[in-house]
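First the structure, in the form of structure tokens, and then the observations on it.
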Amino acid sequence: MDREAPTAGTAPPRAFGVDTPRAFGATPALAQWFAVKAEQPDALIFFRMGDFYEMFFEDAELGSEALSIAMSFRGEHQGQPVPMCGVPHHSHEAYLARLIRRGFRVAICDQLETPEQAKARRASIIARGIVRVVTPGTVTEDSLLEAFRPAWLLALVEGGAAWLDVTSGAFETEAGADIPALLARLEPAEVIATDGLWPDATPATPPRDAPARLAAAFGVSTLEGFGSFSAPEIAAAAMVLDYVRATQNGALPHLMRPVPRGTAGVLAMDAATRRSLELLRNERGDTRSTLLHAVDRTLTGAGARELAARIAAPLAERAAIAARHDAVSHLSAQPDLRARLRAALKGAPDMARALARLSLDRFAPRDLAALRDGLARADAMAQALCPPLPHLLAPEALRPQNSPAAELARALAETLPARLEDGGVVAPGYDGELDALRRLRDDARGAIAAMQMELAQAWGVASLKIRHHQQMGYLAEMPAAAGEKLLRDPPKLAGEYAPQHRQTMSSTLRFTCGALADLDRKLNAAAEQAASRERAIAQHLRKLCLAAAPGITAAAAAMAAIDVHAAAAELGWTRPEMTDGVDFTITQGRHPVVEEALRRARGPAFVPNDSELSAGSRVCLLTGPNMAGKSTYLRQNALMLVLAQAGLFVPAEYARIGVADRLFSRVGASDDLAGGRSTFMVEMTETAAILNQAGPRSFVILDEVGRGTATWDGLAIAWAVLEALHDRLRARTLFATHFHELTALAGKLPELRLATMRVREWKGQVVFLHSVGVGAAERSWGVHVARLAGVPRTVLARAEAVLAALEARARQGGGALSDELPLFTPRKPEPEHPVLDALAEIDPDALSPRDAQEALYRLRALLDGSRAS
Ligand code: ADP
Ligand code: MG
């Protein structure tokens with residue numbers, strides 16, 4: 001795509017001097033700063049001055065604080081010193097990275113002309129302007145990106161969303177998006193939204209002529225060929241494009257055509273579900289101990305990004321899932337082929353991101369090399385893939401049409417400089433004109449050596465050396481004694497060779513002469529011409545790459561997919577059998593993350609477990625003491641479903657899974673005395689979402705729901721939820737609970753099966769077997785667990801006595817639970833304690849601190865009295 005606005009280099013010099021009271025009386029440079037700041041008031045301005053990017057005023061305060069660099073003052077403005085801090089231009093990327101990570105936006109204000117050009121147009125100051133606004137969702141530098149995560153920029157409008165990754169060109173939309181679920185799925189680097197739609201988003205507005213703008217960006221007259229989009233999707237897509245353009249000074253990166261994602265083909269998971277399953281991030285927010293971390297055997301950044309995307313958005317269509325399984329199967333069955341493919345992937349460059357930098361004309365020589373090497377790897381992979389092949393492993397995409405690979409291989413030098421300006425990008429023999437210019441330049445270098453000999457002889461100074469100086473070019477240098485003699489007694493020579501003194505240093509003197517100056521000029525000219533020729537060739541190569549961009553993008557995507565399929569095969573797991581029914585049969589399933597954690601800690605081996613939630617036994621009620629493995633078992637089955645529908649294999653001996661449309665996972669909030677009410681509220685809101693959305697094709701795990709409230713409330717709610725899931729929603733459900741009373745439902749709900757974590761008692765200690773058995777837990781093991789946790793013996797003894805008494809009372813009362821719901825019968829009023837009566841009479845608001853203390857003493861006395869009696 002071409003630039004819409006003029007590029008930085010050709011932009012007309014910006015008018016400066018804004019007429020705000022704040023800018024009044026500013027120096028020309030500060031006036032420029034005020035103008036730029038007015039353009040980007042929300043960004044820190046990196047204001048280029050010579051070799052530094054400077055920040056001024058409030059930016060300097062924020063910047064010096066965020067970067068821990070010193071702030072100084074420069075001159076005065078309106079009678080006040082001007083705060084300033086700066087970072088060197090050559091290392092600014094590292095500082096930029098820190099600011100972006102801290103959540104700042106940074107506007108890069110560069111010098112748009114050389115001092116000579118400014119002089120030529122009689123300007124008092126060099127023209128400057130914003131060439132780019134750096135935001136978390138629009139960066140392309142590797143140092144600013146996470147290699148293993150896509151960098152989504154998400155745009156939200158009422159009723160639709162669009163998101164793109166400038167570093168890969170991926171571009172997708174969704175109608176009627178559920179914003180929290182979308183955020184949880186994409187984990188965007190940056191969000192923009194129409195006013196008020198999402199609190200943390202940067203405000204934005206869709207353009208008026210959204211469809212036309214979107215079509216124009218892709219060079220088509222209508223969007224029909226791309227699929228069907230709703231009006232809000234188009235508005236969001238046009239809005240996100242405009243935003244990218246605004247940050248890139250009018251340029252757009254290479255983008256794939258937008259794909260309406262619809263939610264139909266994707267397993268729906270809401271934010272709470274993702275959080276509790278720890279798919280890409282764990283509860284602490286980092287990426288260790290997550291499903292992704294446990295299964296990731298990919299070898300490339302692009303492969304890791306693709307794997308993360310698949311786990312974040314598993315499929316919900318059997319054929320599409322099976323196609324991925326076919327690819328993994330093929331590579332599982334052919335370890336040699338897999339090894340060849342992985343050898344080609346190992347160390348392969350990130351073509352998608354290199355292409356993004358090329359398309360934004362912000363590239364380094366290594367980006368060209370990345371395409372050369374990446375395409376060579378792709379070709380090697382294509383050669384390794386021999387038919388018959390499952391269609392996702394078809395090699396065609398690995399060999400793009402009009403591939404620039406051969407041209408790049410011829411053009412690029414063997415070792416490349418870090419920056420284009422350093423020269424030496426183009427290989428000798430590629431371009432005749434460049435070779436000639438370089439010869440001239442190198443000849444001139446030889447001529448310097450010759451000139452050194454000539455001058456040494458002519459001036460009679462054997463120690464004379466010709467050296468190059470940044471400011472003054474080539475000069476003849478000699479020790480002070482020889483130099484002073486030359487000054488006192490210059491040789492009688494023709495003008496061309498007559499020594500001219502330039503500089504006296506402490507121990508050396510520097511001279512030039514007409515012939516040397518002449519040579520210096522020639523050399524400069526040759527070097528400059530060679531450099532400019534090289535720049536032109538680099539641009540030519542860039543255009544070749546961009547012309548083949550769609551093919552290169554497809555090749556990069558094909559490599560990433562193969563990386564994912566091979567990585568899945570690498571785990572040696574089992575292909576799940578997928579059905580369109582509501583099956584869920586697992587034999588000897590494992591929890592990949594817990595298993596890995598146990599292995600790493602050299603702990604006991606993970607105990608595999610079976611599951612059966614197919615028709616006829618859809619709902620499983622799991623009891624068992626704390627720490628017995630209930631949560632692990634629930635999650636392992638949910639993760640099995642995620643892995644299978646993401647197109648990966650599963651950690652089990654056998655799996656038969658009916659494709660689910662929605663997956664829900666809820667973990668009951670723990671008792672939280674301070675915020676108990678609100679956590680319970682959250683728990684109930686989340687549970688309500690399940691009851692409103694789950695259906696017969698859904699899969700639900702509920703882990704101790706109702707835990708966050710008083711026992712009877714919690715039990716009542718858990719009971720009602722379980723009944724609803726069983727009778728009305730008919731979802732496959734795993735329900736862990738510490739409410740033993742719930743097991744009474746087994747006789748009433750035909751599809752409810754009881755399961756319990758097996759536990760053994762050994763020498764008065766509880767031993768967890770971590771295996772799931774049929775039936776209900778015999779008793780509560782809470783007291784045993786308390787002992788494990790180190791609760792003092794006196795307290796344990798008391799607890800055991802209380803438990804025995806309670807159990808005896810329960811036996812007397814009889815098991816009335818199975819017949820009706822005694823939970824809902826009013827409780828018998830219990831005899832009140834005198835302390836409680838006294839407490840009830842106290843009005844805390846009416847007490848002075850002294851009264852309060854006295855009341856405490858009184859209560860305490862009452863308590864002691866009643867204990868003594
Ligand atoms: P619960 O939810 O019943 O309190 P968890 O599922 O949290 O128990 O498990 C507690 C601990 O037991 C886990 O952290 C893990 O170390 C261990 N564990 C759980 N399941 C297994 C298993 N199947 N095999 C081996 N260890 C397990
Ligand atoms: Mg638990």
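Just so you know, ligand 1 is whichever comes first in the structure, and atom 1 is the first atom listed for that ligand. We use all heavy atoms of the structure for the numbers below, so side chains are in, but hydrogens, waters and symmetry mates are not. What you see is a predicted model; the values in this text were computed from it and never measured.
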May I ask you to identify the nearest protein heavy atom to atom 11 (C) of ligand 1, giving residue, atom name and distance to one decimal place in Å?
Met627 CE, 4.0 Å
Is Asp286 paired with Arg288 through a side-chain N to carboxylate O contact shorter than 4.0 Å?
no
Looking at Leu299, is its backbone amide N or carbonyl O close enough to the side chain of Asp563 to form a donor-acceptor pair, meaning the two atoms are under 3.5 Å apart?
yes
Quick check on contacts: which atoms of ligand 1 are under 4.0 angstrom from a heavy atom of Asn626?
4 (O)
Spatial distance of atom CE (Met627) from atom NE2 (His770) [nearest 0.5 Å]:
7.5 Å
Before signing off on this row, confirm whether Ala628 and ligand 1 have an N or O atom pair separated by under 3.5 Å.
yes
Return a yes/no value: protein heavy atom under 4.0 Å from atom 4 (O) of ligand 1?
yes
Of all protein heavy atoms, the one nearest atom 13 (C) of ligand 1 is Thr632 OG1, 4.2 Å
Does ligand 1 have an atom under 4.0 Å from some heavy atom of Pro625?
yes
Return the residue, atom name and 0.1 Å-rounded distance of the protein heavy atom closest to atom 8 (O) of ligand 1.
Gly629 N, 3.0 Å
Side chain to side chain contact (heavy atoms under 4.5 Å, CB included) with Val619: which of Leu722, Leu734, Asp727, Leu613?
Leu722
Test: Glu723 and Lys748 ion pair at under 4.0 Å
no
So do the side chains of Thr733 and His726 get within less than 4.5 Å of each other, counting heavy atoms only?
no
Using heavy atoms and a 4.0 Å limit, tell me yes or no: is Gly624 in contact with ligand 1?
no
For atom 7 (O) of ligand 1, the closest protein heavy atom turns out to be Ser631 CB, 4.0 Å
Using 2.8 Å as a strict upper limit, say whether an N, O or S atom of Asn626 approaches the Mg ion (ligand 2) that closely.
no
Could you find the nearest protein heavy atom to atom 24 (N) of ligand 1 and give me its residue, atom name and distance?
Val607 N, 2.8 Å
Note: heavy atom closest to atom 16 (O) of ligand 1, options Leu622, Leu769, Leu598, belongs to Leu598
Among His770, Glu704, Glu595, Arg590, whose heavy atom sits nearest atom 12 (O) of ligand 1?
His770
Are the side chains of Gln636 and Ile701 in touch, meaning some heavy atoms are under 4.5 Å apart?
no
Between Thr579 and Glu577, a side-chain donor and acceptor under 3.5 Å
no
Which residue holds the protein heavy atom closest to atom 15 (C) of ligand 1, what is that atom called, and what is the gap in Å?
Val594 CG1, 4.0 Å
Should the pair Phe699 and Phe584 be assigned to parallel (<30°), tilted (30 to 60°) or perpendicular (>60°) ring geometry?
tilted
